[in-house]
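As structure tokens, the structure follows; a few thoughts come after it.
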Amino acid sequence: MSPRDRLYLYDTTLRDGQQTQGVQFSALEKAQIARALDALGVDYIEGGWPGANPTDSEFFAAAPQTRARMTAFGMTKRVGRSAGNDDVLAAVLNAGTDTVCLVGKTHPFHVTTALGVSLDENRAAIAETFAHLRGLGREVLFDAEHFFDGYRADPAYALSCLKAAHDQGARWLVLCDTNGGTLPEEVGRVVAEVIAAGIPGDRLGIHCHDDTGNAVANSLAAVRAGARQIQGTLNGLGERCGNANLVSLIPTLLLKEPFASQIETGVTQDALRGLVKTSRMLDDILNRVPLRSAPYVGASAFAHKAGLHASAILKDPTTYEHIDPALVGNSRLIPMSNQAGQSNLRARLADAGVAIDPKDPRLPAILDTIKTREDQGYAYDGAQASFELVARRELGLCPDFFEVDRYRVTVERRKDRQGRVVSLSEAVVVVRIDGQQVMSVSDSVDADGCDRGPVNALAKALAKDLGPYQAAIDDMKLVDFKVRITQGGTEAVTRVIIDSEDGQGRRWSTVGVSPNIVDASFEALLDAIQWKLIRDGATV
């Protein structure tokens with residue numbers, strides 16, 4: 001690779017991502033994702049297949065203006081009709097995008113079995129399609145479907161399909177590992193052989209699926225071999241096991257050698273620092289809990305639980321971190337648990353902005369409190385905000401913003417006017433703020449008229465009126481709720497862990513423990529609000 005070759009990033013989240021089981025974007029959500037992708041710095045945004053479904057047609061009718069090249073996806077013309085008289089191809093062209101990506105078969109088995117046409121007819125259809133689009137002045141990509149399987153079965157035919165598109169003006173020839181079964185060594189070898197056969201590397205792209213867990217590695221192998229476009233999706237969305245994950249690929253390309261010094265992309269270092277926020281935005285749209293172990297952006301990507309690790313991190317973060325987490329918008333996490341030592345404790349307190357002398361006699365007391373509470377069922381390994389509050393209380397650094405005098409939750413189960421069995425949860429919370437009592441009442445009905453349960457009602461009531469602190473919690477929301485029964489038998493208690501998020505993109509976890517699931521939930525809710533107020537600088 002020559003120094004600083006340009007590598008182009010092509011995002012297929014809005015089409016491939018929508019093929020994920022359980023995923024269905026609205027046109028408005030697709031527009032939101034497109035704007036985030038554009039801000040990130042990708043070069044191409046594949047908006048979908050115009051005419052294939054109403055949502056994609058609606059999106060292209062009012063697609064947002066982007067610096068990235070908005071791309072319509074479709075397929076090459078069908079055998080037996082001309083490119084100018086193919087209604088499926090016409091729908092793609094009528095979307096009006098300057099760039100079009102068309103998929104075509106390159107595997108003889110699929111040509112004769114799936115399409116039911118001859119190899120010559122398929123190759124001719126590819127050539128005629130691209131000749132037609134060249135005449136229209138469009139930038140066109142050829143997605144060579146099942147290319148690696150086809151190349152393995154019949155290299156000459158697979159290459160002849162590529163050359164048919166190349167000779168008729170295709171800007172990009174994208175080698176697709178459609179079944180996701182090819183491994184990195186073979187990907188690199190085949191890409192090199194394709195280039196040696198006369199297809200320029202700066203015209204080659206790679207499109208990998210993750211069926212062996214190698215989509216990212218396969219994409220990087222293709223780049224090492226000379227390909228200059230990568231196709232992928234945010235968070236690795238896609239059919240079956242997903243597509244190559246751009247959220248993992250982008251920081252690797254920008255921060256890891258040999259890529260960092262030998263290629264450039266449209267992603268700036270400033271945009272890279274927004275990667276965590278972009279990844280979580282997609283999870284929010286999908287109503288999914290972010291994968292904690294996700295490379296670079298996961299909440300546990302830079303978590304150091306072992307005492308020896310935490311001790312080393314305090315001396316030099318590079319001992320156990322392959323990059324500075326801030327480069328991708330993430331942060332270091334020193335979990336607390338009954339396995340923790342004072343190194344973990346001091347590191348975690350320092351991260352929370354609490355400086356304490358290593359010889360402070362309160363350090364052992366905090367550890368004893370943590371271990372005692374974990375014996376009672378608490379788990380601070382996954383609830384760092386609650387740990388911080390425990391430590392602050394021991395150190396006298398936890399203000400009493402408000403006090404809960406009492407709360408009550410009721411759940412009613414009845415039949416509605418249509419005779420359907422429905423439930424309704426209601427909560428009353430009475431708090432005392434600066435000596436004044438405030439009562440808040442809320443139900444659990446969402447915008448669709450559905451009951452979201454007693455914990456939802458409690459959360460809404462608690463956050464309804466906190467007087468001078470209300471503005472600090474208005475942007476706060478619950479994003480995950482986990483319940484576990486500990487100990488068992490007559491001594492069983494319920495542990496609830498709640499994940500919260502605010503408008504700044506901060507995410508924090510709190511824990512509550514009680515024989516009563518509602519009471520455990522309420523304890524975790526109180527901690528979540530307390531942590532938010534402290535971090536936002538609220539004063540009593």
Side-chain angles (χ1 to χ4, degrees), residues 6-14 17 25 28-47 63-70 216 219 230-237 242-256 259-260 263-303 317 321-333 351 475-477 479-480 499-508 532 535-536:
R6 183 64 159 89
L7 178 70
Y8 293 84
L9 300 175
Y10 184 107
D11 182 272
T12 70
T13 303
L14 302 184
F25 298 124
L28 289 176
E29 288 169 339
K30 294 184 76 161
Q32 180 185 352
I33 295 167
R35 285 188 286 268
L37 289 167
D38 195 44
L40 182 59
V42 303
D43 300 288
Y44 295 86
I45 299 173
E46 189 175 270
Q65 294 296 312
T66 57
R67 171 205 50 78
R69 297 184 70 86
M70 189 62 66
V216 168
S219 301
I230 290 180
Q231 295 193 356
T233 62
L234 287 179
N235 293 351
L237 287 184
N243 287 44
N245 189 348
L246 288 180
V247 175
S248 296
L249 278 164
I250 288 172
T252 298
L253 292 167
L254 268 66
L255 303 174
K256 298 294 184 179
F259 309 105
I263 64 170
E264 61 179 347
T265 70
V267 181
T268 65
Q269 295 293 333
D270 282 343
L272 185 64
R273 283 188 281 272
L275 192 63
V276 168
K277 187 175 182 180
T278 302
S279 174
R280 290 180 179 173
M281 173 215 69
L282 181 63
D283 285 326
D284 285 344
I285 289 174
L286 298 175
N287 196 27
R288 290 183 169 186
V289 178
L291 181 63
R292 298 187 66 89
S293 60
Y296 294 104
V297 298
S300 298
F302 300 95
E321 290 178 351
H322 66 111
I323 65 162
D324 177 358
L327 293 175
V328 294
N330 211 337
S331 57
R332 181 175 304 119
L333 180 63
D351 185 58
D475 67 338
M476 177 179 162
K477 61 180 180 179
V479 293
D480 195 22
D499 289 348
S500 304
E501 188 177 67
D502 65 10
Q504 301 177 51
R506 293 182 302 193
R507 217 173 254 259
W508 63 100
K532 166 75 167 163
R535 283 301 175 101
D536 280 4

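The figures that follow rest on heavy atoms only: side chains count, while hydrogens, waters and symmetry mates do not.
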Next on the checklist: Taking the side chain as everything from C-beta on, heavy atoms only, tell me whether Arg507 gets closer than 4.5 Å to Val276.
Outcome noted: no
Checklist entry - Is any side-chain heavy atom of Trp508 closer than 4.5 Å to a side-chain heavy atom of Asp502? => result yes
Checklist entry - More than 12 non-hydrogen atoms from neighbouring residues, nucleotides or ligands closer than 6.0 Å to CD on Gln504, yes or no? => result yes
Next on the checklist: Do Phe302 and His322 make a side-chain contact, defined as non-hydrogen atoms from C-beta onward lying under 4.5 Å apart?
Outcome noted: yes
Next on the checklist: Are Val328 and Arg273 packed together at the side-chain level, in the sense that at least one heavy-atom pair is separated by less than 4.5 angstrom?
Outcome noted: no
Item to check | Minimum side-chain heavy-atom gap Val267-Leu9 below 4.5 Å | outcome: yes
Item to check | salt bridge (Lys or Arg N to Asp or Glu O under 4.0 Å) partners for Arg280, two or more places apart | outcome: none
Next on the checklist: Is there a side-chain contact between Met281 and Ile33 in this structure, where contact means two heavy atoms from C-beta onward sitting under 4.5 Å apart?
Outcome noted: yes
Checklist entry - Quick one: are Ile45 and Arg35 in side-chain contact, heavy atoms under 4.5 Å? => result no
Checklist entry - Taking the side chain as C-beta and beyond, is there a heavy-atom pair between Leu272 and Pro251 under 4.5 Å? => result yes
Next on the checklist: Just to verify, what does Phe25 make a ring pair (Phe, Tyr, Trp, His ring centres under 6.0 Å) with, not counting sequence neighbours?
Outcome noted: none
Item to check | Heavy-atom pair with the smallest gap, counting every atom of Glu501 and Asp284 | outcome: OE1-OD2, 3.1 Å
Checklist entry - Checking side-chain contact (heavy atoms from CB on, under 4.5 Å) for the pair Leu253/Ile263: CA distance, chi angles, key distance, verdict? => result CA-CA 8 Å; Leu253 292 167; Ile263 64 170; 3.6 Å; yes
